[in-house]
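Since we're looking at a predicted model, the values are computed, not measured. For this chain, numbers begin at 1 and follow the sequence in order. One-based numbering, in listed order, for ligands and for the atoms of each.
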Amino acid sequence: MQTKEILGVDVGATGIKAGIVDIETGKLVQERIKLPTPKPATPEAVAKVVVDLVAKTGYTGSLMGCGFPSIVRNGVAYSAANIDEGWIGTNIETLLSTATGLDVVSMNDADAAGLSEMRYGKGKGKMGTVMLITIGSGLGSALFTDGHLVRNSEFGHLHLKGWVAEHYVSNTARKNYEMSWPSFGKRFNEYLLHIDRLFSPDLIILGGGISNMFEEFGPHIDPKLNVTTAAMFNQAGIIGAALYAFEAKFGAI
Ligand code: BGC
């Protein structure tokens with residue numbers, strides 16, 4: 001029988017995280033491991049860190065899913081907002097497979113987190129338009145319609161008040177402009193209202209590094225919006241990447 005324990009890796013702007021995921025339960029079978037993202041985060045440097053991470057997990061299987069912070073089509077990175085530009089045109093799957101010896105399947109990091117929430121978390125069984133927004137160094141997005149993923153949405157790059165949205169209201173923007181949580185909440189509310197006007201989501205799930213600060217900024221979000229935080233918090237990217245890799249290779253679980 002095919003093993004249901006798949007390695008998930010989530011490449012972020014500040015950290016690269018890995019964990020072995022039981023894709024039947026959607027849970028990590030051991031603590032996740034995190035190493036700092038190298039600077040600059042060139043393909044070669046990132047591949048080296050991924051090799052170290054794989055070794056640290058002690059993974060003995062052969063398949064790895066990788067969430068990556070860019071547009072990913074057929075394993076190739078097509079953008080690089082928060083990662084080294086050398087990634088553009090790089091086949092993530094070939095590079096990481098050669099480096100680790102594993103079979104690798106990659107996808108956008110926010111899409112991975114969204115898949116995880118739709119399968120095991122707050123989006124489970126939800127029809128209509130569901131959107132997951134990850135708040136970290138950038139703003140990531142995953143769009144679902146009746147449970148189906150519309151890949152590579154980049155709603156962190158919508159324009160808002162003359163800004164690229166993620167320059168106005170990501171965690172990096174919060175730090176750069178020394179925003180208090182209420183100020184951040186007000187800006188984030190403007191962003192969500194813009195999203196609401198464009199897509200009328202039935203549910204918005206917040207993930208990523210600072211979704212655990214929701215108690216601080218959540219009170220500034222318009223109550224007419226149906227907003228919740230990710231059940232899997234910042235593990236969603238690892239779990240979704242592993243699930244996606246499994247299903248890409250072996251079909252639906
Ligand atoms: C990238 C997205 C990514 C998001 C979160 C954005 O800057 O363009 O592809 O999902 O950051 O990492």
Ligand-residue contact atoms, ligand 1 with [X], heavy atoms, under 4.0 Å:
X    : answer
G140 : 4 (C), 5 (C), 10 (O)
N82  : 6 (C), 7 (O), 11 (O)
N108 : 2 (C), 3 (C), 9 (O), 10 (O)
S70  : 9 (O)
A81  : 7 (O), 8 (O)

L203: which of N226, V227, T129 passes side-chain contact (heavy atoms from CB on, under 4.5 Å):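 It is N226; the other options fail the test.
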L102 and side-chain contact (heavy atoms from CB on, under 4.5 Å): which single residue from I6, V9, L7 fits?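 By the side-chain contact (heavy atoms from CB on, under 4.5 Å) criterion, L102 pairs with just one of I6, V9, L7: L7.
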Taking non-hydrogen atoms only, is L139 closer than 4.0 angstrom to ligand 1 via side chain, backbone, both or neither?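 Within the 4.0 Å criterion, L139 contacts ligand 1 through backbone atoms alone.
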Below 3.5 angstrom, do we get any N/O pair linking D109 and ligand 1?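 Yes - when backbone and side-chain N and O of D109 are compared with those of ligand 1, one distance drops under 3.5 Å.
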Report yes if S141 has an N/O atom closer than 3.5 Å to an N/O atom of ligand 1; otherwise report no.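 Among all N and O atoms of S141, none is under 3.5 Å from an N or O of ligand 1.
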Evaluation steps, salt bridge (charged side-chain N to carboxylate O under 4.0 Å, His left out), between K4 and E24: CA-CA 7 Å; K4 300 276 170 64; E24 242 154 15; 3.1 Å; yes
Identity and distance of the protein heavy atom lying nearest atom 1 (C) of ligand 1: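 Looking only at protein heavy atoms, the one closest to atom 1 (C) of ligand 1 is E154 OE1, 3.5 Å.
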Heavy atom of G156, distance to ligand 1 below 4.0 Å: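 The answer is no, since G156 has no heavy atom less than 4.0 Å from ligand 1.
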Non-hydrogen atoms of D111 versus ligand 1: any pair closer than 4.0 Å?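 It does not, in that no heavy atom of D111 comes within the 4.0 Å cut-off of ligand 1.
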Which is closest to atom 11 (O) of ligand 1 by heavy-atom distance: M107, H157, E166?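 The nearest heavy atom belongs to E166.
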Salt bridge check: are K249 and D103 linked by an N-O gap of less than 4.0 Å?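 So K249 pairs with D103 through a salt bridge.
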E247 bridged to R119 by N-O distance under 4.0 Å: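 Between R119 and E247 there is a salt bridge, with a charged N closer than 4.0 Å to a carboxylate O.
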Quick one: do F155 and F199 satisfy ring-ring contact (aromatic ring centres under 6.0 Å, His included)? Show the steps, please. CA-CA 11 Å; F155 302 147; F199 300 99; 4.4 Å; yes
Would the distance check show the side chain of R187 and the main-chain N or O of Y168 forming a donor-acceptor pair, the cut-off being under 3.5 Å?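 Yes; at least one donor-acceptor contact below 3.5 Å.
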